[in-house]
Structure formats: C-alpha cells, structure tokens
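Contents: one structure, followed by commentary.
Just so you know, residue 1 is the first one in the sequence shown, and it goes up from there. Whatever order the structure lists them in is the order used to number ligands and atoms, beginning at 1.
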Amino acid sequence: IVILAELRDAVEEILPALKEKGITVYLLSDECTTDGIQCIGQAIAKASDTPLSPSLRSNIHIRTTALYIYTSGTTGLPKAAYVTHERVWASSFIQGVCGVTSEDIFYINLPLYHSAGFLIGLVGSIERGNTVVLRRKFSASQFWDDCRKHNITVMQYIGETLRYLCNMPKKANDRDHKVRIAIGNGVRADVWKEFLNRFGRIHVGELYAATEGNVGFINYTDKVGVVGRINILSKVFFPFSIIKFDIEKEEPVRNAEGLCIPVGKDEVGLLVGKITKHTPFVGYAGNEQQTEKKRLGDVFVKGDLYFNSGDLLRIDHENFVYFHDRVGDTFRWKGENVATTEVADILMMVDCIEEANVYGVKVEGHEGRIGMAAVKLKEGREFDCVNTCSVLANYLPVYARPRFIRIQNSLEVTGTFKMKKVKLVEEGFDPTLIRDPLYFLDLPQKKYVPLSQEIHKSIVSQDIKL
Ligand SMILES: *[C@@H]1O[C@H](CO)[C@@H](O)[C@H](O)[C@H]1NC(C)=O
Ligand SMILES: CC(=O)N[C@H]1CO[C@H](CO)[C@@H](O)[C@@H]1O
C-alpha cells in the first residue's frame with residue numbers, strides 16, 4: 001500500500017493487521033518516522049533504472065484486474081468494482097474519440113478514485129500524450145481562473161460541477177478562456193444550454209457509462225441533452241436493450257413466458273447489456289451477492305444473462321439516446337411516476353433555493369411514496385413558503401410536488417457530488433425525530449406551513465388527506 005502523509009494516522013491504526021497479512025506500507029514521501037512504514041522516496045532512489053523483468057507480469061493478461069474502483073454509493077454503500085486491463089485500455093481512447101489531441105492541456109478536477117478522473121482523464125492523457133493539470137478538489141470559484149492560468153483547452157465535468165459553474169455570479173471575463181472541449185456525463189439539458197450561453201462555444205462530449213457496466217454510449221456531437229446515438233456498430237460492440245420496467249416493484253416487466261419486453265421508440269425503460277465473452281461483467285470484489293443482483297437472467301431467451309445497469313433510458317426516432325433517471329431515483333405516488341431529478345430542477349428555479357435533493361418517503365396507509373425534498377437555501381435567505389409553492393404549481397402536476405420540505409445547512413453528497421438519499425428516505429418526515437426545519441405543503445392554503453406535531457399526527461391518522 002502506498003499512502004499519502006495525510007492518511008498516515010488512519011493507516012497506523014490498522015498497521016498490525018496489515019503486517020499480519022504480509023502487506024508492506026509505503027509513505028509517499030522522502031522520510032518517515034513510523035516503525036513499520038517505509039518511505040517510497042528512498043525506495044525509488046535505491047531502485048535500479050533498468051527495465052523490469054517481464055516475468056514479473058507473466059501472469060497478467062488483458063482480463064486480469066488492473067484496479068478496483070468504488071461505485072459512488074448514491075443508493076447504497078459503495079461497492080468495489082473490478083476494472084480489468086481491457087477496460088483501462090478501452091477507456092484510454094475516449095479522449096481521442098472526443099477530438100482531444102497531444103497539444104491539448106487537460107484539466108482534471110474530479111477525484112482520481114473514480115472512472116471519469118482516472119480512466120478518461122489520467123489514463124486518457126497518457127494515451128494522447130498531452131499535458132494534465134491536476135487539481136486536488138473541484139472549486140467552482142477557482143475554475144475559470146485555473147483555466148486561464150494554465151491555458152486549459154479540455155475540461156472534465158459531471159452534471160453537478162457544470163451546474164455549480166453556472167450558479168456562480170456572472171463575470172465580464174466569463175468567455176475569456178481557451179477551453180474548447182468538455183468531456184463528462186450527467187448534465188441536464190437546461191444546464192447544458194446555460195453553460196454554452198454563458199461560457200461560449202465549447203464542444204460538449206457527453207457520455208454514458210458505468211464503471212462496472214458492459215455498455216456505454218458517447219455522442220461527441222453538440223445535440224443538447226443527448227448521451228449518445230446508437231448506430232449499427234454500437235449494437236455489435238455492446239449488445240444492449242432497453243426493456244419495460246415496473247417502477248413500483250422496481251423490477252423488469254415480464255410476459256406470460258417470463259421473458260422481458262423491449263420498449264418501443266421514445267419509451268423509457270431499463271438499460272441492460274448482454275453479458276458475452278467480449279462484453280463481460282466481472283462484478284464487485286468480495287461481494288458475490290451484489291454482483292448477482294446486477295445480473296439479470298432469462299431476458300429474451302431462457303438462460304441468457306444481462307448486466308442490469310440500474311439506469312432508465314430512452315431512445316428517440318433518430319436513434320438519439322437520452323438518460324432518464326436511476327432506478328430508485330424515480331418513485332411512484334398515486335399511480336404516477338415522479339422523476340426526482342426533474343423535480344429537483346424545478347425546485348432550483350425557486351429564488352431562495354440553492355440546491356435540492358428530492359426523494360420519496362413512505363406514509364402509513366398509502367401505496368407508493370410521497371415526494372419530499374431536502375433543500376439548501378441561498379446564503380442569507382429565508383424559505384419562501386408562498387413563492388416555492390407557486391413555482392412548483394406552475395411547472396409540476398400535484399402528485400409530483402414535494403409535500404414535505406426539509407431545510408438543511410448543507411446537503412450530503414458523495415465524493416463525486418451525487419446526492420445521498422438513503423438516510424433521508426429512512427428518516428422520513430417525523431418532526432419529533434428530525435431537527436432540521438420541516439415544512440408541509442398545504443394545498444388549500446397554497447403555501448408551505450411549518451410541519452407541527454399536530455399536522456404530523458393528522459397525516460398519520462389520515463385526518464389530513466394527502
Ligand atoms: C499560456 O499561453 C500564453 C500565450 O500563448 C503564454 O504566454 C503563457 O506562458 C502560457 N501559460 C502557461 C502556464 O503555459
Ligand atoms: C458516435 C455517434 O453515433 N455520433 C453521432 C452523434 O450524433 C450525430 C448527429 O447529430 C451523428 O452525426 C454522429 O455520428
């Protein structure tokens with residue numbers, strides 16, 4: 001194990017256990033005072049510079065594990081996905097596909113422990129042979145200054161970071177930069193448009209892929225909102241399908257023979273990728289149960305096997321692919337599907353709200369889940385009970401409007417800025433258990449009112465009809 005100095009304390013705690021397993025620990029530095037930890041600076045200085053013997057890697061081939069990458073853990077605990085050399089190698093070409101050259105200066109501000117920053121960013125730059133500018137942590141306020149200072153020409157993003165950039169106060173020099181390409185995933189159409197309006201003509205290479213998945217799309221054109229376009233080749237490289245999915249039961253719809261049903265054009269469904277020799281799904285390390293969960297059998301014929309992406313997508317008449325939602329991010333209320341990302345987008349149009357995390361909670365005596373949102377207010381702003389209600393009413397049907405609002409000082413996100421929901425869902429809307437201010441949408445009054453214990457009681461006893 002090679003560790004950074006700032007992680008030394010954490011590793012020292014488990015040093016005896018590591019020793020027992022015969023694991024050598026190196027500190028990334030020139031000196032180290034802890035017994036049992038060596039420093040890699042000295043080891044490197046002592047090492048020979050002649051090529052290593054090929055015998056050291058004689059048992060490594062294209063399908064062996066190159067590294068593990070933890071999934072980001074939005075809907076559960078992170079899982080360590082196996083990443084093979086083949087995947088690393090294949091990912092290294094994404095920059096080239098997006099038009100990045102060896103002359104470019106590539107800005108990585110996403111964590112290197114995820115696929116985007118490491119595989120597409122760092123490994124891709126090794127393939128291209130271009131310059132990398134690494135930043136320890138994404139900073140919206142420093143972003144464009146960094147780009148100007150280092151002459152950045154290619155940037156990476158995830159949907160959230162583009163939104164953070166768009167949320168920064170406008171500046172006269174917003175278009176004063178050399179960025180010509182942005183590569184990433186998960187940007188919503190409205191943010192994409194705003195980003196281009198504000199920061200100039202930047203070619204957005206939006207792609208769709210899961211670290212552990214066996215299917216991916218990329219569209220390096222400029223059609224806003226699209227994650228890819230399918231052509232004859234994509235079906236050959238990644239045999240995939242989009243199948244009908246039951247949001248309530250959170251499982252694929254099956255016909256009388258027990259097989260899945262492909263969706264029609266423009267219909268939202270679950271993306272599945274056929275597991276074959278060329279499109280394997282290797283799963284998660286030490287977690288056969290989770291691996292099994294992502295395998296879907298008897299899809300089109302008895303005995304076949306697919307990778308369940310857990311993502312809902314749609315393909316239109318021109319074969320453009322659109323990302324819709326993650327399974328679990330869409331919930332059902334009153335027989336209607338509510339896409340949490342769409343509701344969150346509307347909430348963020350409300351003047352006082354900076355960020356929103358939308359989810360569904362159970363209410364006793366009701367089917368499905370009712371909408372709730374944790375929101376972070378803009379600095380110095382109060383929650384506007386009337387305006388929030390009227391903005392939501394303008395854009396959303398009643399069933400999709402969050403009936404409960406929870407005000408938080410900050411919203412909990414994963415290392416890649418994905419909103420964490422599991423804990424919030426569990427905590428529900430009980431004011432005796434939750435410290436944060438809670439509000440209830442009182443439809444007749446057309447405003448949010450503080451959620452008192454009386455209101456909570458009346459909801460549970462069904463005196464208030466939801
Ligand atoms: C950025 O480009 C300018 C103009 O071409 C050049 O003068 C400057 O040295 C460059 N900066 C870096 C950090 O390479
Ligand atoms: C990879 C791919 O299929 N790219 C397509 C994206 O969409 C444009 C149309 O706007 C096609 O021309 C590209 O071939």
Practice task
Keeping to residues at least two apart or across chains, list the ring-ring contact (aromatic ring centres under 6.0 Å, His included) pairs with something in residues 27-51.
Solution key: none

Handout entry: Salt-bridge present (Asp145, Arg148; N to O < 4.0 Å)
Key = yes

Handout entry: Non-hydrogen side-chain atoms of Thr340 and Lys421 separated by less than 4.5 Å
Key = yes

Listing, residues 32-39 side-chain donor-acceptor contacts under 3.5 Å, not counting sequence neighbours, or none:
unit_1: Thr34; atom_1: OG1; unit_2: Glu12; atom_2: OE2; d: 2.6

Exercise for the section: Anything under 30° is parallel, anything over 60° is perpendicular, the rest tilted; go ahead and classify Phe281 against Tyr284. Expected result: perpendicular

For residues 125-138, tabulate all N or O donor-acceptor pairs below 3.5 Å that involve a side-chain atom, not counting sequence neighbours.
unit_1: Ser125; atom_1: OG; unit_2: Gln95; atom_2: NE2; d: 3.1
unit_1: Ser125; atom_1: OG; unit_2: Gly121; atom_2: O; d: 3.2
unit_1: Ser125; atom_1: OG; unit_2: Asn130; atom_2: OD1; d: 2.8
unit_1: Arg128; atom_1: NH1; unit_2: Val100; atom_2: O; d: 2.9
unit_1: Asn130; atom_1: ND2; unit_2: Gln95; atom_2: OE1; d: 3.1
unit_1: Asn130; atom_1: ND2; unit_2: Thr101; atom_2: O; d: 3.4
unit_1: Arg135; atom_1: NE; unit_2: Lys137; atom_2: O; d: 2.7
unit_1: Arg135; atom_1: NH1; unit_2: Asp146; atom_2: OD2; d: 2.8
unit_1: Arg136; atom_1: NH1; unit_2: Glu6; atom_2: OE2; d: 2.8

Practice task
Please list, by chain and number, the protein residues whose heavy atoms come under 4.0 Å of ligand 1.
Solution key: Lys149, Asn151, Lys178

